[in-house]
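All ligand and atom numbering here is 1-based and tracks the order in the structure.
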Amino acid sequence: MKPERGPLRVALLGCGTVGSEVVRLLNEQADDLAARVGTPLELAGVAVRRPERVRAGVDPELVTTDAQALVTRDDVDIVVEVIGGIEPARTLILEAMKTGKSVVTANKALLAEDGATLFAAAREYGADLYYEASVAGAIPLLRPLRESLVGDHVHRVLGIVNGTTNYILDQMDSAGAGFNEALEEAQSLGYAEADPTADVEGFDAAAKAAILAQLAFHTPVTAADVHREGITEVSAADVAGAKGMDCVVKLLAICERVPSEDGRNGRGVSVRVYPAMIPRTHPLASVREAYNAVFVEAESAGSLMFYGAGAGGAPTASAVLGDLVAVARNVVGGTPGPVEVTYAKLPVLPMGETVTRYYIHLDVTDEAGVLATVAEEFARHEVSIQAVRQVGLGEEAQLVVVTHRAPDAALSAVVRGLRGLDSVREVASVMRVEGEE
Ligand SMILES: NC(=O)C1=CN([C@@H]2O[C@H](COP(=O)(O)OP(=O)(O)OC[C@H]3O[C@@H](n4cnc5c(N)ncnc54)[C@H](O)[C@@H]3O)[C@@H](O)[C@H]2O)C=CC1
Ligand SMILES: N[C@@H](CC=O)C(=O)O
Ligand code: NA
């Protein structure tokens with residue numbers, strides 16, 4: 001008979017929005033967790049920046065400001081990193097793995113910037129590295145990609161992966177709220193990153209897109225490879241323009257395998273994050289508040305949709321706990337978890353080669369021939385127009401143009417050309433259009 005092992009000792013790094021919920025769940029569900037793992041999970045220490053702060057459910061004796069000492073302690077089995085940022089998180093995770101500990105992290109910024117170093121260390125030291133919470137909060141998405149779908153051939157991952165920006169865009173669309181007011185609400189609800197620039201400028205979604213693309217296509221992708229546009233330039237006019245088209249504006253993350261004529265693996269991958277219009281009838285249009293939703297399209301599985309809470313302390317802690325139990329079971333059973341492989345080495349293609357559609361809203365002079373001049377600019381770059389509509393007359397004359405799919409470089413060239421036309425007073429709004437044509 002196997003000797004009964006003692007409790008598994010967990011070091012928690014960071015006790016903010018997510019960390020404090022991890023502590024609550026560890027305390028409230030201690031008996032269930034012990035039964036599921038086969039041995040109790042016990043907090044060995046909690047590394048914080050401000051030790052004087054009273055933290056519910058945390059024995060003050062466990063609190064330390066010396067995270068480095070905590071992760072290398074012999075009586076620690078598993079490290080949970082919810083500090084965020086690159087350093088000291090990276091060094092702490094590497095130190096933990098070097099001393100044989102498995103790690104659970106929610107840190108998408110670090111995984112997307114330097115995941116390769118972490119995965120290499122996990123392989124070298126035989127440690128597990130689990131990070132379900134890093135993308136789409138509570139939604140089980142990385143485990144399905146990493147395990148359930150690993151035998152399939154994924155073509156596309158597309159969705160809403162940032163709760164803060166979805167909350168802001170939703171408030172602008174449904175309540176007519178201002179950008180700053182909606183951002184403050186998202187911050188107070190615990191959705192935003194410590195520096196919300198990461199959310200509104202699309203860095204957070206780009207990091208998540210890199211993680212998703214790497215897992216989906218088994219190819220190295222870092223945050224720097226991702227084409228990124230945030231939502232700070234999305235104006236009330238853009239939101240109104242979308243409404244006029246029966247569309248809604250969403251910040252989308254899109255990871256696609258770009259097919260080649262003959263190769264099954266494709267020519268490369270396109271990984272991008274930008275605000276785009278999608279029809280109100282599209283399932284992603286009904287994703288409200290800080291919810292996330294992601295479609296995964298795979299050759300044999302077909303189209304799968306994942307939906308749920310993408311941000312917030314408790315939902316994110318749920319994903320952390322799920323990983324913690326998985327890692328703890330691996331420790332108890334002496335079986336390692338999955339290891340990342342990025343054998344495919346597909347190039348990440350430039351944005352200019354990506355095929356998309358544009359919505360363009362122009363203030364024009366209301367005189368004969370304007371439409372022809374505008375249409376000529378599209379034709380010059382071989383961009384075909386799907387629909388054109390004139391709104392208003394005289395000083396108020398406006399043209400709304402929606403294109404068919406074309407390379408992004410050609411569409412950008414059209415917009416540059418339009419800006420140079422005398423008959424175009426202003427290019428009032430330009431936005432990509434996603435969803436079915
Ligand atoms: N809040 C959310 O909805 C989600 C957050 N995440 C990720 O989870 C991680 C944590 O996020 P939050 O809890 O929201 O951030 P937070 O800012 O509320 O908490 C981080 C905590 O770490 C502490 N800290 C910073 N440096 C430290 C150090 N050297 N030693 C010890 N403690 C230190 C800070 O004082 C703070 O209390 C980040 O990587 C974030 O991207 C992931 C998914 C959702
Ligand atoms: N700031 C992030 C938190 C979860 O990843 C978001 O808003 O989605
Ligand atoms: Na998740």
**Request:** Compute the shortest N/O to N/O distance between G85 and ligand 1 and return yes if it is under 3.5 Å, no if not.
**Result:** no
**Asked** Any idea which part of T164 is under 4.0 Å from ligand 2, heavy-atom wise: side chain, backbone, both or neither?
**Response** both
**Message:** If I apply the N/O under 3.5 Å rule, does N292 come out as touching ligand 2?
**Reply:** no
**Message:** Can you confirm, on distance only, whether ligand 1 has an N/O atom lying under 3.5 Å from any N/O atom belonging to G312?
**Reply:** yes
**Check: G337 main-chain N/O paired with D128 side-chain donor or acceptor under 3.5 Å** = yes
**Prompt:** Hey, does T17 come in under 3.5 Å of ligand 1, counting only N/O atoms on both sides?
**Reply:** yes
**Prompt:** Does L92 reach the side chain of E81, with side-chain heavy atoms less than 4.5 Å apart?
**Reply:** no
**Message:** Given the ring of Y130, does R146 sit roughly above its face, with NZ or CZ under 6.0 Å from the centre of the six-membered ring and within 45° of the axis?
**Reply:** yes
**Request:** Would you mind listing which atoms of ligand 2 come within a distance below 4.0 Å of any non-hydrogen atom of E193?
**Result:** 1 (N), 2 (C), 3 (C)
**Prompt:** What part of A192, side chain from CB on, backbone N/CA/C/O, both or neither, has a heavy atom under 4.0 Å from ligand 2?
**Reply:** backbone
**Message:** Tell me the nearest of G137, A133, A319, A138 to atom 43 (C) of ligand 1, using heavy-atom distances.
**Reply:** A133
**Request:** Examine ligand 2 and decide if any of its atoms is less than 4.0 Å from a heavy atom belonging to G310.
**Result:** yes
**Message:** Under a 4.0 angstrom heavy-atom cut-off, which atoms of ligand 2 come close to Y191?
**Reply:** 1 (N), 2 (C), 3 (C), 6 (C), 7 (O)
**Asked** Hey, would you say the Y307 and F295 ring centroids sit under 6.0 Å apart?
**Response** no
**Message:** Please report whether ligand 1 has a polar contact with V18, defined as an N or O pair separated by less than 3.5 Å (distance criterion only).
**Reply:** yes
**Complete:** Looking at V63, I83, T65, the heavy atom closest to atom 30 (N) of ligand 1 belongs to I83
**Message:** Give the atom numbers and elements of ligand 2 that come within less than 4.0 Å of a heavy atom of K208.
**Reply:** 2 (C), 4 (C), 5 (O), 6 (C), 8 (O)
